[in-house]
**Student:** 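First the structure, then my questions, so here it is.
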Amino acid sequence: MITIGRYLKTKRFFSELTLLQVTHIAKDKYGYSTSTSVLSAIETDKNKIIDGELLFVLSDIYDFDLNEFKEVVIGNISNIRERRKINK
């Protein structure tokens, strides 16, 4: 199962953007302020919480469908629940 962070990192990779470029685009095009450290924490799954506005900005920058992203999120939720059942 792909993690949310890995999904976003892959989308950025295929958009051929650095984290710094993403922060500049977010600020210049959308008026949204973020940092490379926040984006890196998300991509490495250290930060499990993603601001909703940031998610919409990233979906537009990386050109991905939020329904596709929804499948990743739901898949991760199901996977976590299954692991919890096994570990009990």
**Student:** With the side chain counted from C-beta on, respond yes when L55 and L66 share a heavy-atom pair under 4.5 Å apart, and no when they do not.
**Tutor:**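 With C-beta onward as the side chain, the pair touches.
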**Student:** Does the side chain of E53 reach to within under 4.5 Å of the side chain of Y32, using non-hydrogen atoms?
**Tutor:**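 Result yes, sub-4.5 Å side-chain heavy-atom pair found.
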**Student:** Taking T44 for the side chain and S40 for the main chain, is one N or O donor matched with an acceptor at less than 3.5 Å?
**Tutor:**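 Yes, because the side chain of T44 sits within donor-acceptor range (under 3.5 Å) of the backbone of S40.
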**Student:** Looking at CD1 of I25 and CG of D28, how far apart are the two atoms once the value is rounded to the nearest 0.5 Å?
**Tutor:** 8.5 Å
**Student:** I need the full list of ring-ring contact (aromatic ring centres under 6.0 Å, His included) pairs touching residues 41-74, with sequence neighbours left out, sorted by first then second residue.
**Tutor:**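 Matches after skipping sequence neighbours: Y7-F64, Y7-F69, F64-F69.
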**Student:** Other members of the hydrophobic cluster containing F14, with the 4.5 Å side-chain heavy-atom rule, please.
**Tutor:** F13
**Student:** Nearest 0.5 Å, what's the NE2-CG distance between H24 and L19?
**Tutor:** 11.0 Å
**Student:** Is the closest side-chain heavy-atom distance between V57 and D51 below 4.5 Å?
**Tutor:**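 Not touching, per the 4.5 Å side-chain cut-off.
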**Student:** Any salt bridge between E43 and K11, counting N to O under 4.0 Å?
**Tutor:**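 No, no charged N to carboxylate O under 4.0 Å.
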**Student:** Has Q21 got a side-chain atom pairing as donor or acceptor with T18's backbone, closer than 3.5 angstrom?
**Tutor:** yes
**Student:** Atom CG of residue position D65 - does it have more than 12 heavy atoms of other residues, nucleotides or ligands inside 6.0 Å?
**Tutor:** yes
**Student:** If I take atom OG1 from residue T3 and atom CG from residue D45, how far apart are they, to the nearest 0.5 angstrom?
**Tutor:**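 The OG1 atom of T3 sits 3.5 Å away from the CG atom of D45.
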**Student:** Are any side-chain N or O atoms of N47 and backbone N or O atoms of A41, one a donor and one an acceptor, separated by less than 3.5 Å?
**Tutor:** no
**Student:** Is L58 reachable from V73 through a run of hydrophobic residues whose side-chain heavy atoms are each under 4.5 Å from the next?
**Tutor:**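 Yes, one cluster joins them.
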**Student:** Please examine the side chains of L8 and L39, heavy atoms only from C-beta on, and report whether any two atoms are closer than 4.5 Å.
**Tutor:**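 L39 vs L8: side chains apart.
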**Student:** What closest approach, in Å, do S15 and I61 show between heavy atoms, and which atom pair accounts for it?
**Tutor:**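 Nearest heavy atoms, S15 then I61: OG-O, 4.2 Å.
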**Student:** Indicate the atoms forming the closest heavy-atom contact of R12 with V22, along with that distance.
**Tutor:**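 For R12 and V22, the tightest heavy-atom pair comes out as CD-CG2, 3.8 Å.
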